[in-house]
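See structure below.
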Amino acid sequence: MAADAPTHWADQIARRVISTRGDKPAYVVASGVAPSGTVTIGHLREVITAELVARALRALGKEVRFIFSWDDFDAFRKVPKNLPQQEMLAAHLRKPLADVPDPYGTHDSYAAHFEGSLEEPLRAVCEVPSYRYQASEHRAGSYAAGIRTALAARGKIVEVLNEHRTEPLPDPWWPIAAFSRVDGTDDTTILRWDGEWTVHFRDMDGEERAVDLRDGPSIKLHWRIDWPMRWAHEQVDFEPAGKDHLTAGGSYDTGVAIAEQVYGSAPPVSLLYGDIGIKGGRGRISSSSGEVVTIEKMLTIYQPEVLRYQFASTRPNAEFVVSFDTDVLKLYEDYDRSERTYFGLEEMGEKKAARERRIYELSQLGDPPSTAPRQVTFRHLCNLLQVRGGDIEQTLASLGASDDTRLRRRARCAWEWVSGHAPEEMRFRLQPVEADPPPLNDAERQAMAQLCEAVGKAEEGTLADDPSKALSAEIYAIAERLGIEPKQLFATTYQVLIGKERGPRLAEFMLLAGVEKLAPLLTRAAAGQA
């Protein structure tokens, strides 16, 4: 798509970044979270919002460095309800997240466990950023100069923060915290700074200790100062944020003032992204509450590009819910329509079509396919798979698509959804051949025999050019000939084939299953065998 057609919000933001930050050859786009608990689909919104803007900047011919900060030097404040070893974790409260043991015992630390739970699935759904691990950066002394600058401007920082507080900060107040050398917690008191590199603090055991900022293992800026310090350090041009940061007087507002007045740096352009909830849940997804939906879980139901589509097609400040019910079908249908529009296979108004084409581009992890991929609807795959008992390879073979890796991925998602999440009325399986058929009267037995013959003719194409339409008409004709109410014939046929009184559209379903699978069941029922 031409770079001069800003049809998408990411393109509009990219232009705002350039106009606000100046026309530079390269830009820095940043994102980040604290690994304080299970990484959720809500965290993915933070990352993808940043990544989409990075891609839009590249579409304008700009170089982009996309960085992601793991705030694993933050203190561990609360034990999430959904984690094991609650007592063990509670014993490590107020230590840096990077120093808390992994409750699962699979990683070097609590932080590393949850960092890995984002980094691994992120490869499938998003550009991999350049990661910054804040505990390592602090302990390497990377921010010593930035911390020293904040200490020197302590009075100005207090002035900025007090503008947005109902109660003024206490005196004395320091922009830093120190982690204890006794138990590793932040249960310490800052005493003084020598004006150069040394900070003195009282440790939890009552002893006074001194630390050189350049050694870095103990001192950390409070969040409202740490954020603008890192903007200046990394020269960040764009970073999205949640509404808790972007409310009036929030950490972005104070960060702007601190960036400009303390660090002499222009703040990055920001963008509010909305919360994500769980359909039927109690509100937004939260790691600390234990009500979570992980990225891995979402990827069992959604192809990566369909998951990206949900973000790319929604304005970032709009809240939405994730769902595993029939909304899944709608999202796949919307994505398929967008794909057909991109390849000129479906028409709509030019303005809307331009928007859909751009959304489709941004939904792909890399470049879009050069030709239109084969489409098999998610709903159709669900039915095909159920007819074949979940056998993905057999299903793909029936479609002549054994080598289609994209369709195989969709089939895996379809089987996961229909077998674990679909409403009961959408689930079915063919009765085993040895199953006893339901008791039928003479007319119903004749109907089963005639249905078997009709399915065979429809498969051969001898009924009409449209087998599904022709078979549907023939089902009604059979009911009329034999004096059976159509509704009763449908219910009886479903009972014979899937053991239920309702099921998918009968003609389509019978053609999907094929006469080879249906004939033994229909013939046995027609013969009245039990």
Side-chain angles (χ1 to χ4, degrees), residues 326 329 333 336 374-391 394-401 407 411 414 418 422-433 435 437-529:
T326 52
L329 301 174
E333 289 166 2
D336 287 351
R374 179 180 180 181
Q375 284 192 355
V376 178
T377 69
F378 194 80
R379 185 189 296 269
H380 189 56
L381 270 176
C382 289
N383 289 335
L384 283 173
L385 285 160
Q386 289 185 95
V387 165
R388 291 163 178 79
D391 190 319
Q394 188 184 101
T395 300
L396 293 176
S398 74
L399 294 168
L407 196 53
V418 77
E424 184 60 32
E425 60 267 23
M426 289 190 65
R427 299 186 196 181
F428 64 85
R429 67 179 182 88
L430 281 175
Q431 292 284 77
V433 175
L440 306 180
N441 59 37
D442 288 342
E444 290 169 336
R445 287 196 294 271
Q446 290 180 58
M448 296 304 105
Q450 291 183 29
L451 280 174
C452 188
E453 182 180 356
V455 173
K457 289 181 178 180
E459 277 193 341
E460 295 168 1
T462 57
L463 285 181
D465 291 336
D466 186 336
S468 179
K469 186 175 180 180
L471 181 57
S472 181
E474 182 62 17
I475 293 170
Y476 282 96
I478 290 170
E480 185 176 356
R481 285 197 301 267
L482 296 173
I484 306 172
E485 285 292 328
K487 183 177 180 181
Q488 180 59 37
L489 178 56
F490 276 82
T492 299
T493 308
Y494 286 131
Q495 283 283 4
V496 168
L497 299 180
I498 62 174
K500 294 182 175 184
E501 290 190 356
R502 300 181 64 184
R505 292 177 180 175
L506 187 57
E508 292 180 7
F509 163 62
M510 295 178 83
L511 286 171
L512 286 178
V515 71
E516 183 178 349
K517 288 182 178 293
L518 298 185
L521 297 171
L522 293 171
T523 301
R524 185 177 170 89
Q529 295 176 351

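What you are looking at is a predicted structure, and each value in this text was computed from that prediction instead of being measured. These values consider heavy atoms only, across backbone and side chains, with no hydrogens, waters or symmetry-generated copies.
- Rounding to the nearest 0.5 angstrom, the gap separating the OG atom in Ser468 from the CE atom in Met510 is 11.5 Å.
- Looking at heavy atoms from C-beta onward, Leu451 lies out of side-chain contact with Leu518 at the 4.5 angstrom threshold.
- Between the side chain of Gln446 and the backbone N or O of Leu482, no donor-acceptor pair lies under 3.5 Å.
- The two residues Ala411 and Leu385 have their closest heavy-atom pair at O-CD1, 3.4 Å.
- No donor-acceptor distance shorter than 3.5 angstrom exists from the side chain of Gln450 to the backbone of Ala447, with no hydrogens or angles considered.
- The heavy-atom pair separating Phe428 from Pro504 by the smallest distance is CE2-CG, 3.5 Å.
- Of the possible donor and acceptor atoms, one in the side chain of Gln386 sits under 3.5 Å from a partner among the backbone N and O of Met426.
- Taking both residues in full, the closest heavy atoms of Val515 and Pro520 are given as O-CD, 4.4 Å, listed atom of the first, atom of the second, then distance.
- Residue Phe509 holds its CZ atom at 11.5 Å from CG of Leu471, rounded to the nearest 0.5 Å.
- Crowding of Arg427 atom CZ: a count of heavy atoms from other residues, nucleotides or ligands under 6.0 Å exceeding 12.
- Annotation for Glu333: atom CD counts as buried by contact number, over 12 foreign heavy atoms lying within 6.0 Å.
- Under a 3.5 Å cut-off, the side chain of Ser398 and the backbone N or O of Thr395 do form a donor-acceptor pair.
- Annotation: Arg445, atom CZ; neighbour count of heavy atoms from other residues, nucleotides and ligands within 6.0 Å is above 12.
- For Gly503 against Ile498, the heavy-atom pair with the smallest separation is CA-CD1, 4.0 Å.
- Here CG of Leu497 is found 6.0 Å from CG of Leu521. Values are rounded to the nearest 0.5 Å.
- Nearest heavy-atom pair, Pro438 versus Gln495, reported as atom, atom and distance to 0.1 Å: CG-CB, 4.0 Å.
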Open item on the list: salt bridge (Lys or Arg N to Asp or Glu O under 4.0 Å), that's the test. Do Glu424 and Arg502 meet it? Break it down for me.
Closed with: CA-CA 10 Å; Glu424 184 60 32; Arg502 300 181 64 184; over 6 Å; no
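- Atom CZ of Arg481 has more than 12 neighbouring heavy atoms from other residues, nucleotides or ligands inside a 6.0 Å radius.
- Checked by atom type and distance alone, the side chain of Arg524 pairs as donor or acceptor with a backbone atom of Ala435 at under 3.5 Å.
- Using modelled atom types, one side-chain atom of Thr493 and one backbone atom of Leu489 make a donor-acceptor pair closer than 3.5 Å.
- Of all non-hydrogen atoms in Ala525 and Met448, the two that sit nearest each other are CB-CG, 4.0 Å.
- For Glu480, the CD atom is loosely surrounded, since the number of other residues' heavy atoms within 6.0 Å does not exceed 12.
- No more than 12 heavy atoms of other residues, nucleotides or ligands shown are found within 6.0 angstrom of CD on Glu516.
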